[in-house]
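Residue numbers start from 1 in every chain, and the chains themselves are labelled A, B, ... in the order their sequence lines are given, proteins ahead of strands. What you see is a predicted model, and the numbers here were worked out from it, not measured in a lab. Scope of the values below: all heavy atoms of this structure, side chains included, with no hydrogens, waters or symmetry mates.
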There are 2 protein chains.
Amino acid sequence: MKITALEEYGLRCLVQLARHHSEDRPVAISEIAKAEGLSIQYVGKIMHELRRAGLINSLRGIHGGFVLAKAPQEISIADIFETMGGETPEHVCSKFSGNQTQCVHLGGCSIRSVWSFVMGQVSSVLKRISLADLIASESSCSSKLNEQHTQFETNKLPVYPAATEGAAK
Amino acid sequence: MKITALEEYGLRCLVQLARHHSEDRPVAISEIAKAEGLSIQYVGKIMHELRRAGLINSLRGIHGGFVLAKAPQEISIADIFETMGGETPEHVCSKFSGNQTQCVHLGGCSIRSVWSFVMGQVSSVLKRISLADLIASESSCSSKLNEQHTQFETNKLPVYPAATEGAAK
DNA sequence: AATAATCTTGACATCAAAGTCAGGTTTACC
DNA sequence: GGTAAACCTGACTTTGATGTCAAGATTATT
């Protein structure tokens, strides 16, 4: 399973907007491109996608730029992934149909069940993490709470709600 | 997040081998290709990858073919995914470094923590599902236990151990 | 030993994702 | 109203994943 470029960069561009969300001014493509080490043209394309999906609003003209369409608490990573080309288990089946027009296993496929389950797990984790969470963990990580650092290293994210609940329910 | 062709087809080819694992004969590429609706050449390439990784053994010559290198209970989907191009969070960071040689966020990146966490979740789910589990759920689904069918539809996999434990522990 | 069925291997072709380019439109400021 | 800073859009190029081709090596059967 691979994370796509649009997912990764889309998220990173949105984090940039979220950081400046309290200030009352739009953020320009050139700023984001510089902060993320991306070309201006490419960031332009990414922001266009995010705008089409309604996650951000744009302001044209000089002093223009982009702002989040909702508060950082209300935008989850799952929202972003869906926007930037998210797939359902059905997509997987139609994508991997080999040299047939339909997958040969359409009647009773145990693999499809696994994909459904795994994707559901991923989605339930990503739904619980908002842009606000990401920014909060940045500051707590780099400044004050350094005893949490070891936990980060061992792949636990103490800041986010336990991913376990969603799976158990 | 996308499932790659090698992951999907690699798993499906291994399921074919697992089905014939009790019989004591190798399975030929041509059989697998027919069963999965893939070209013979492509299956050849996939099997070659799986053999290089040590998941299967090959027998050349007439009456040749492939057999699992281990029992179906001992091969997990996680094993297959790692073989067919699995990625670590570090891979993601080096892949998405934009126009720099290194990612601009290497010091204290909250997104990397998220990828670590999500990938850990996925991995813990996939480690718990073996080829034997997949075959068992096939037969129970298509023949006897049809009351489980509704549960499958709602993305629950009653046959597999709860994915929850790994996350909680 | 000849043959046919099989795996092995590396080069090649195709396609979709990733990323760039160029020309256009909008808006604030002077 | 001219100009510069910004977004908008579609066409283009590049790159890596996907899938095919063709020639070779191995082995059971006759």
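Not a single donor-acceptor pair under 3.5 Å links the side chain of His21(B) to the backbone N or O of Leu17(B).
Glu8(A) places its CD atom 16 Å from the C1' atom of dG19(C), with the value rounded to the nearest Å. We find that NE2 of His91(A) is positioned 15 Å from C1' of dA16(C), with the value rounded to whole Å. Residue Phe66(B) contributes atom CZ, which lies 6 Å from atom C1' of dC7(C) at whole-angstrom precision. A straight line from CD1 of Ile3(B) to C1' of dA17(D) spans 16 Å, rounded to a whole angstrom. Distance Ile40(B) CD1 to dT18(D) P: 21 Å, rounded to the nearest Å. Straight-line distance from the CD atom of Glu49(A) to the P atom of dT9(D): 11 Å, rounded to whole Å. Computed from coordinates, the Ile32(A) CD1 to dA6(D) C1' distance equals 12 Å when rounded to whole Å. In this structure, Ile46(B) places its CD1 atom 12 Å from C1' of dT20(D), rounding to the nearest Å.
In this structure, Gly85(B) reaches neither bases nor backbone, as no heavy-atom distance under 4.0 Å exists between it and the strands shown. Counting any heavy atom pair closer than 4.0 Å across all strands shown, Leu38(A) reaches no nucleic acid atom. Using a 4.0 Å heavy-atom cutoff across all strands shown, Phe96(A) reaches no nucleic acid atom at all.
In this structure, of dC7(C), dA5(D), dG19(D), it is dA5(D) that holds the atom nearest to the side chain of Ile62(A). When distances run from any side-chain atom of Ala5(A) to the nucleotides dA28(C), dC7(D), dA18(C), the shortest one goes to dA18(C). Minimum atom distance to the side chain of Lys2(A) is reached by dA17(D), of the listed dT9(C), dC8(D), dA17(D). Listed candidates were dC7(D), dT29(D), dC7(C). Nearest to the side chain of Ile29(A) is dC7(D). For Tyr42(A), taking side-chain heavy atoms from C-beta onward, the closest of the listed nucleotides dC7(D), dC21(C), dG19(C) is dG19(C). Candidate nucleotides dT9(D), dC21(C), dG19(D) were compared by shortest atom distance to the side chain of Gln41(A), and dC21(C) ranks first. Candidate nucleotides dT20(D), dA17(D), dT6(C) were compared by shortest atom distance to the side chain of Lys45(B), and dT20(D) ranks first. With dT20(C), dA18(C), dC8(D) as the candidates, the nucleotide lying closest to the side chain of Ser39(A) is dT20(C). The His63(A) side chain lies nearest to dA28(C) when the options are dA28(C), dT9(C), dA18(C). Comparing dT9(D), dT6(C), dC7(D) against the side chain of Ala28(B) picks out dT6(C) as the nearest.
Salt bridge status for Glu8(B) with Lys95(A): absent, with no side-chain N to carboxylate O gap under 4.0 Å. Salt-bridge annotation for Arg52(A) and Glu49(A): present, with a side-chain N of the basic residue lying under 4.0 Å from a carboxylate O of the acidic one. Salt bridge absent: Arg19(B) and Glu31(B) never bring a charged side-chain N and a carboxylate O closer than 4.0 Å.
Of the candidates Leu50(B), Ile80(B), Thr83(B), Ile46(B), Ile46(B) is the only one forming a side chain to side chain contact (heavy atoms under 4.5 Å, CB included) with Leu6(B).
In terms of phosphate contacts, His48(B) brings a side-chain nitrogen or oxygen within less than 4.0 Å of OP1 or OP2 of dT9(C). Look at Ser58(A) and you won't find any side-chain N or O under 4.0 angstrom from OP1 or OP2 of dC7(D).
For Gly61(B) and Gly98(B), each mapped to the nucleotide of DNA chain C holding its nearest heavy atom, the one lying further toward the 5' end belongs to Gly61(B). Mapping Lys95(B) and Arg51(B) onto DNA chain C via the closest heavy atom, the residue that lands nearer the 5' end is Arg51(B).
The hydrophobic cluster containing Ile32(A) does not contain Val67(A), counting ILVMFWY residues as joined when their side-chain heavy atoms lie under 4.5 angstrom apart, directly or transitively.
One can find a donor-acceptor pair under 3.5 Å joining the base of dT25(C) and the side-chain atoms of Arg60(A).
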